[in-house]
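Worth knowing before you read on, the calculation uses all heavy atoms, side chains too, and leaves out hydrogens, waters and symmetry mates. So that the names make sense, note that chain A is the first sequence line, chain B the second, and so on, each numbered from 1.
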Amino acid sequence: MTPAPQPNVIAMAGFGIFIALSLIITWLAARRTNTTEDFLAAGRSVTGWQNGLALAGDYMSAASFLGIAGLVALSGFDGLIYSIGFLVGWPVVMFLIAEPLRNLGRYTFTDVVAFRLQQTPVRVASAFGGLAVVAFYLIAQMVGAGNLIRLLFGLQYEVAIVIVGLVMLAYVLFGGMLATTWVQIVKAVLLLGGAGLLALLVLARFSFNPLALFQEATRQYGDAVLAPGQLVSNPLDAISLGIALMFGTAGLPHILMRFYTVPDAQTARSSVAIATAVIGVFYLFTFILGFGAMVLVGHDAIRAVDAGGNMAAPLLAEVVGGQAFLGFISAVAFATILAVVAGLTLAGAAALSHDIWVSVVRKGSASEREQFLVARGSTVLLALASIALGIVFKGQNVAYMVGLAFAIAASANFPALVLSVFWKPCTTHGAQASMIIGTISTLTLIYLSPTIQIDILKHSAAWFPLKNPGLVTIPLSFAVGIIVSLVAPEPDAARRFADVEQRIHFGE
Amino acid sequence: MDSPADRLRALDAARWRIALALTGAMTAIYVAFVLLIAYNKPLLAMQLVPGLSLGITLGVVVILAAWALIVVYVRWANSTYDRALADLRREMEARR
């Protein structure tokens, strides 16, 4: 680790302004947050544009902005592989998930899986998968947050984690989904605007011709930067990572939860279209930023600050726009982390309060007031847990943790969701087995993968050859769900499928 | 004329076909891109014009394809699907 740099006054001010803004939003939102429906689903009053931006905000994490820009800056073309993988999941969400989800559920994706099945076993299994995804994603964001804030502001890692945890807690607890949505929207606009401005300033130096920028990159670092390199050497590994990224998006609880904040399926549809457009543009920007940093900052200077390249975008901002712009971009990066952590916490709170407490513990008989209290209590619990996880997992590789979260989402949540909604013979035990086997097989194969066995535990060989288990675990999870359903049919569940067929189109 | 239940089933089948076809198209495009990266690096390294490799061009094409498929779906859903659904809803309420 390099020594922490001097705190940047403008970054500190930007950071302060963003915190103040979030708290004002919270204060405004808190007055309109009186019921569970307000707290977990913003009263279903969010418009298509708002939800589109909020979805993009939830999805464009600091890992995308700083991580992918850094990856491109250090290895060129290879960074693009990640951006594209993260984008192609969105059409899948659009075609298979968004509208059925909105029409069939109330607060969580578990509502949809459990719709025509036996509530208790499905909800327990599904909450298990959902919380596993939230936990790994949270760890990734918190660890990233600690490192970044240390680098950006010169704060100590632990102090940074506690600040992120507490600010996030304040606004999720009091402002619920409405505040979280608006913070997400503000952050999405800031991030897109900041990245766009930065890209524009870079291109201005190359007479607004991206090809001139790429050519300059090849002049400095050779033609290899425009070609696939070392990142993808094993074809099966590449496909495995690719499909985990693609189908994982459709299984991320905090993304799926957003579809309950809009009034109907048509709005859910338009919000995905807007989100996909925004995210696509953003990834195109990060590509310009990455090559810009490669050419204008240089490999050595980027590595000197952070070996992983995470500081490429902020360093580039300093080169093209000076200290003030560096401060602005740093504040945007901070806003990004805070907003994503909040979205995850709310998704976790929904799983704990709605799926576990109300549906399983109280068998659906909890009063509105009790549900609201449990949802807020879960938020406090998750915020404290995220601070603890962030501190315990200090030093973990962020991109790897995110990959893990996507692999579990794709193998545990996505197959059960698709089978229960589209496949009539699907049974309670089938869905349950698919989710449990999906989660456990993913965790096991990740433990046996080269990343853990060779890179972390320093063993000479790994039991399982692939770094990402998606290629095995996604088909496995589908197969288990189908076989278990066929072996022991559940006539009640099949009969209730008629309801699914109605509701999936007409909603409630 | 078919009963509303039959027409709902037909609409459901149409939506399902389109959803699967478009998901299949996206998966095929992306997997083809990844396979090219894995198996034919020299081809992707080829520069179409100085500064623009085939790899970067195809990467942008994949992003454009994702947008295009979404546009195809939204157009179908906003016109054909929503209209058929509205008709059905009206009819089912009238029969009630």
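- Most heavy-atom pairs under 4.5 Å with chain A: of the set Leu44(B), Leu35(B), Asp82(B), this distinction falls to Asp82(B).
- Annotation: side chain of Ile97(A) is not in contact with side chain of Phe109(A) (no heavy-atom distance under 4.5 Å).
- Here CZ of Phe77(A) is found 7.0 Å from CZ of Phe287(A). Values are rounded to the nearest 0.5 Å.
- Without hydrogens or angle criteria, Tyr59(A) side chain to Phe86(A) main chain gives a donor-acceptor distance under 3.5 Å.
- Chosen from Val272(A), Leu284(A), Ile504(A), Thr276(A), the residue pairing most often with chain B at heavy-atom distances under 4.5 Å is Thr276(A).
- In this structure, Arg75(B) places its CZ atom where only 12 or fewer heavy-atom neighbours from other residues, nucleotides or ligands lie under 6.0 Å away.
- Evaluated for a side-chain contact (heavy atoms from CB on, under 4.5 Å) with Thr249(A), the options Leu87(A), Val93(A), Val88(A) yield exactly one hit, Val93(A).
- Side chains of Ser240(A) and Asp237(A): a donor-acceptor N/O pair is absent below 3.5 angstrom, by distance only.
- Heavy atoms of Val71(B) lying under 4.5 Å from chain A are absent altogether.
- Taking 4.5 Å as the limit, some side-chain heavy atom of Tyr82(A) sits within range of a side-chain heavy atom of Leu241(A).
- Using a 4.5 Å cut-off between heavy atoms, Ile239(A) touches chain B through backbone and side chain atoms alike.
- The stretch residues 215-227 of chain A places Gln215(A), Thr218(A), Asp223(A), Leu226(A), Ala227(A) near chain B, each with some heavy atom under 4.5 Å from a heavy atom of that chain.
- Taking chain B as the reference chain and counting heavy-atom pairs below 4.5 Å, the highest number among Arg269(A), Gln266(A), Met94(A) is found for Arg269(A).
- The residues Arg15(B) and Asp12(B) are annotated as not salt-bridged, no charged nitrogen and carboxylate oxygen being separated by less than 4.0 angstrom.
- Contacts with chain B were tallied for Pro210(A), Gly85(A), Ala212(A); Gly85(A) has the most, counting heavy-atom pairs under 4.5 Å.
- In Trp49(A), the CH2 atom is not crowded: 12 or fewer heavy atoms of neighbouring residues, nucleotides or ligands sit closer than 6.0 Å.
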